[in-house]
Protein chains: 2
Amino acid sequence: MAIAKKKRTGKSRHFAAAEEIGSRILRGDFAPGELLPNEAEWCKRLRMSRSAVREAIKMLKAKGLLNSRPKIGTRVEPRERWNLLDRDVLSWYMATPERARFLKSVQEMRRIFEPEAAALAAIHRDSAEMAAISVACRDMGTATTLENRIEADVRFHLGILSAAGNEFLVPFGFLIESALANVFDYVTRSVGTLRHAQSLHENIEKAIRHRRPAAARRAVRLLLADTDDVIEHLPPPTAFERAKRRRKPAVSSQPSAVPPIVDR
Amino acid sequence: MAIAKKKRTGKSRHFAAAEEIGSRILRGDFAPGELLPNEAEWCKRLRMSRSAVREAIKMLKAKGLLNSRPKIGTRVEPRERWNLLDRDVLSWYMATPERARFLKSVQEMRRIFEPEAAALAAIHRDSAEMAAISVACRDMGTATTLENRIEADVRFHLGILSAAGNEFLVPFGFLIESALANVFDYVTRSVGTLRHAQSLHENIEKAIRHRRPAAARRAVRLLLADTDDVIEHLPPPTAFERAKRRRKPAVSSQPSAVPPIVDR
DNA sequence: CAAGACGATTTGTCAGATAAATGAACCGGC
DNA sequence: GCCGGTTCATTTATCTGACAAATCGTCTTG
């Protein structure tokens, strides 16, 4: 489909400001505990009114990145308080030089909760959820473009999380999986690995369909091990591929663009 | 220590507003997709200026609860977009009649990631992290008040998560564990179960100290099973105990204004 | 009847002023 | 010289009032 995204005026002012400041914090320009320039200073730097700056800061406070008190100023919160599991924070994080470490952590989290989620899904799934998973799995096989395949891949994993029936798993996984659109992109390369990956996915689908939790858990572990393996042995991407990849944003942070995967 | 927290003026206005509106959303007064009253209306209702209301709404947007567009108004986002893994949202959620379901979900999440976290901790821990865990474990045993014991209990579990060395585990667990202060409170009752629980904790400590991931994983599973068991067979709390419990805030989101935990 | 213009409504942004909080400097008494 | 309270200056918090931008519904006109 590729809807030509209308840029409008380019997001709201305060969101742009939040993005600017937030990225800088994630990038480490302002260390935790450090004092931020005051509001007036930001007004000058970003060429916008104090209201806009304030709303941006309010937003960052809501995400646990900042904390301000009268007379003291606004300071960066310690890292533990950052709401890393937030669309925006995640996307700023991903734009950071730390990106590799980030992906490693994400992959580790997947190894922790996806097998269990699949097991739960095998137990709790209803037929509608099963259908969604199966369709996604089939779509992966029949996808003609890389983009479609990745979309179906994400949909597949989210379907499992949603079928697991734990309300934390869904939003949590949603973030992780969105972030991982990159990884799938990375991983989905040659036809050979592609076919292999497809059969791994189908095994998961089958286990859940047959309501076999232990098998589902094993199948997911296999898939993740395979993914790790592919990442491991991946030759460094060529400049061309890197540029191609750069075109799509990893996490669609803000509203106007409803993220691609809607399961209602 | 129990520092008498100075109430100040009672937190900032916009936070109070955010709390009011956010709680209502979590409670279901405003369903997802529904249109919120407009800003002017909130000004009247909450007796505050439009700026304060706007900053509150900005905050709720940052948490994924709302989304507003000019002329249309502000509407509640679908539940999947809510940032449930946020201190404030979590605390509003906990003040909801859904509280029981909430605790069940949380407990399930613990079963998913705490065993793995312990296994990772057994692998990656350094000696400082180990020391923190051991101290917490000892403090649990020697604590003289229920409050101290719970504090040490939370510290113990957080220590493990932090030793696991995954940056997502820490903030994530932080939220869950804070939320669970209630559960620990619930669970820590008779001397008998208390002594049993202590030995379960010590097994975990030992496994991590000896760098035995599989043993650590097993030990955590045992503890969680025990917790589930206690919850299961818990007689309904007496009114006195309930009142006593109500005294401490569950999630220390922003010091003063934690909503009273009503369980109807 | 259809397509485009227009008005009304609601959020977005701005500017300027006052209040509140609090660290730091200052001042007086001992 | 030192200690304690007091004042001051700085920064965020809040309020007020205004205009801009976006967009839904309606109205006009071909």
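On a predicted model such as this, the values are computed, not experimentally measured, just so you know. Throughout, a chain's letter reflects where its sequence line sits, starting with A, and its residues are numbered from 1.
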Electrostatic pair B:Glu129:B:Arg125 at N-O distance under 4.0 angstrom |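 Looking at B:Glu129 and B:Arg125, the cut-off is not met.
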Is A:Lys104 paired with A:Glu108 through a side-chain N to carboxylate O contact shorter than 4.0 Å?
->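 Looking at A:Lys104 together with A:Glu108, the answer is no, because their closest N to O distance does not fall below 4.0 Å.
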Derivation of the salt bridge (Lys or Arg N to Asp or Glu O under 4.0 Å) call for A:Arg155 and A:Glu151 | CA-CA 6 Å; A:Arg155 186 150 42 85; A:Glu151 182 274 327; 2.9 Å; yes
Using the C1' atoms of the five pairs at each end, what is the angle between the end axes of the helix from C:dC1-D:dG30 to C:dC30-D:dG1, to 10°?
->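 Here the helix ends are tilted 10° relative to one another.
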Encode nucleotides 7-16 of chain D as B, S and - characters from 5' to 3', where the letter depends on protein heavy atoms closer than 4.0 Å: B to the base, S only to sugar-phosphate, - to neither.
-> ---BBBBBBB
Parallel, tilted or perpendicular: rings of A:Trp92 and A:Phe15 (30°, 60°) |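 Ring orientation, 0 to 90° scale: tilted.
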What is the ring orientation for A:Phe113 with A:Phe172, classed by angle as parallel under 30°, tilted 30 to 60°, or perpendicular over 60°?
->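 Tilted, since the angle between the ring planes falls between 30° and 60°.
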Report the residue from B:Arg50, B:Arg45, B:Lys44 that forms a salt bridge (charged side-chain N to carboxylate O under 4.0 Å, His left out) with B:Glu39.
->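 Testing each of B:Arg50, B:Arg45, B:Lys44 against B:Glu39, the sole residue satisfying salt bridge (charged side-chain N to carboxylate O under 4.0 Å, His left out) is B:Arg50.
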Given salt bridge (Lys or Arg N to Asp or Glu O under 4.0 Å), test B:Arg54 with A:Glu55 step by step and report yes or no.
-> CA-CA 8 Å; B:Arg54 275 187 65 73; A:Glu55 297 203 338; 3.1 Å; yes
Identify, with sequence neighbours excluded, every residue that meets ring-ring contact (aromatic ring centres under 6.0 Å, His included) alongside B:Phe156.
->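 Testing B:Phe156 for ring-ring contact (aromatic ring centres under 6.0 Å, His included), a comparison that skips the adjacent residues, returns B:His201.
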Quick one: B:Arg75 CZ to D:dT23 P, roughly how many Å, whole number?
->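 Rounded to whole Å, this separation is 13 Å.
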Atom-pair distance (CD on B:Glu41; C1' on C:dT11), nearest Å |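 Value for this atom pair: 16 Å.
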